[in-house]
Amino acid sequence: MRLKLSYGLMAIVLVGALWAGTHGGSPQTPAERAQAIAQTIMCPVCRGQSVDRSDSPAANEIRIEITRRIAEGQSDDEIRDYFGRKLGPDVLLRPTSSGFAGLVWVLPVVGFVLAASALAVAFVRWRRWAD
């Protein structure tokens, strides 16, 4: 009974941690939103840097465009989709969560759950064998 309760509590904590990690508070001010979006777009000139960290003229233009689109009322996803279409999907540092690219988000969780399940089965069998 205690073993089942501890596994249940562990599952609740895991689900809570995964939810908290993926649903962090969204930025409130337009400047915070612009910075958060700029952190998810790669600079097209200086590869390996986000638009947020780059000082290139291209990154500056993208930051200005992000700010303009926020002022127009576009959502974060709409702005990212615009730059993904304009500059190519490789410019997005955060892959989309739909279609084939959605596997990037799902496969690690599935792998972790399968590994944890295999360990649980192994421990149960080992315990039965030891008794």
Side-chain angles (χ1 to χ4, degrees):
M1 178 64 179
R2 280 187 159 175
L3 185 63
K4 289 181 182 180
L5 179 63
S6 64
Y7 283 138
L9 289 174
M10 186 171 46
I12 290 170
V13 168
L14 176 65
V15 169
L18 288 173
W19 184 85
T22 58
H23 291 87
S26 61
Q28 299 298 322
T29 67
E32 289 173 340
R33 277 187 63 204
Q35 183 179 13
I37 295 169
Q39 290 173 347
T40 65
I41 299 173
M42 186 181 301
C43 177
V45 176
C46 43
R47 295 290 177 179
Q49 278 190 331
S50 67
V51 169
D52 180 53
R53 296 195 182 266
S54 175
D55 293 329
S56 73
N60 189 40
E61 291 296 321
I62 291 173
R63 286 192 297 268
I64 291 170
E65 182 68 18
I66 290 170
T67 303
R68 186 183 71 73
R69 290 179 175 274
I70 288 172
E72 289 179 357
Q74 291 187 4
S75 71
D76 295 1
D77 289 335
E78 288 173 331
I79 295 169
R80 283 189 204 93
D81 290 343
Y82 166 77
F83 285 108
R85 287 189 312 271
K86 182 179 177 185
L87 303 173
D90 293 340
V91 79
L92 299 177
L93 294 173
R94 190 182 88 186
T96 61
S97 59
S98 63
F100 185 70
L103 291 176
V104 171
W105 299 105
V106 173
L107 286 180
V109 174
V110 170
F112 178 77
V113 169
L114 288 175
S117 300
L119 280 173
V121 168
F123 285 137
V124 167
R125 287 185 179 177
W126 175 69
R127 186 171 181 175
R128 286 182 187 163
W129 179 76
D131 288 340

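FYI, the numbering just counts along the sequence from 1.
- In this structure, CD1 on I41 lies 12.5 Å from OG on S54, to the nearest 0.5 angstrom.
- In the displayed structure, R53 atom CZ is contacted under 6.0 Å by at most 12 heavy atoms of other residues, nucleotides or ligands.
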* Could you walk me through whether N60 and D55 pass the side chain to side chain contact (heavy atoms under 4.5 Å, CB included) check? -> CA-CA 7 Å; N60 189 40; D55 293 329; over 6 Å; no
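- Without hydrogens or angle criteria, Q49 side chain to C46 main chain gives no donor-acceptor distance under 3.5 Å.
- Residues L93 and S50 meet the side-chain proximity criterion, which asks for heavy atoms closer than 4.5 Å.
- When all heavy atoms are compared, the tightest approach of T40 to I37 is OG1-O, 2.7 Å.
- Among all heavy-atom pairs drawn from T67 and A34, the shortest one is OG1-CB, 4.1 Å.
- Side-chain atoms of C43 and V91, non-hydrogen and from C-beta on, never get closer than 4.5 Å to each other.
- For OH of Y82, the number of neighbouring non-hydrogen atoms (other residues, nucleotides, ligands) closer than 6.0 Å is greater than 12.
- Hydrophobic clustering of Ile, Leu, Val, Met, Phe, Trp and Tyr side chains at less than 4.5 Å, counting indirect connections, unites V106 with L114.
- Separation of atoms CD1 (I62) and CE (M42) is listed at 11.0 Å; rounding is to 0.5 Å.
- When side chains are defined from C-beta on, V13 does not count as touching L9, because their heavy atoms never get closer than 4.5 Å.
- Closest approach of A58 to V45, counting heavy atoms only: CB-CG2, 3.4 Å.
- Proximity of F83 to V51: side-chain heavy atoms (C-beta onward) are nowhere separated by under 4.5 Å.
- How far CD of E72 is from CD of E65: 7.5 Å, rounded to the nearest 0.5 Å.
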* Asked: Where do R80 and D77 land on the side chain to side chain contact (heavy atoms under 4.5 Å, CB included) test, with the steps shown first?
  -> CA-CA 5 Å; R80 283 189 204 93; D77 289 335; 3.2 Å; yes
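- The shortest side-chain heavy-atom distance between R33 and D76 falls under the 4.5 Å cut-off.
- Contact record, Q74 with I79: OE1-CG1, 3.7 Å, taken as the closest heavy-atom pair.
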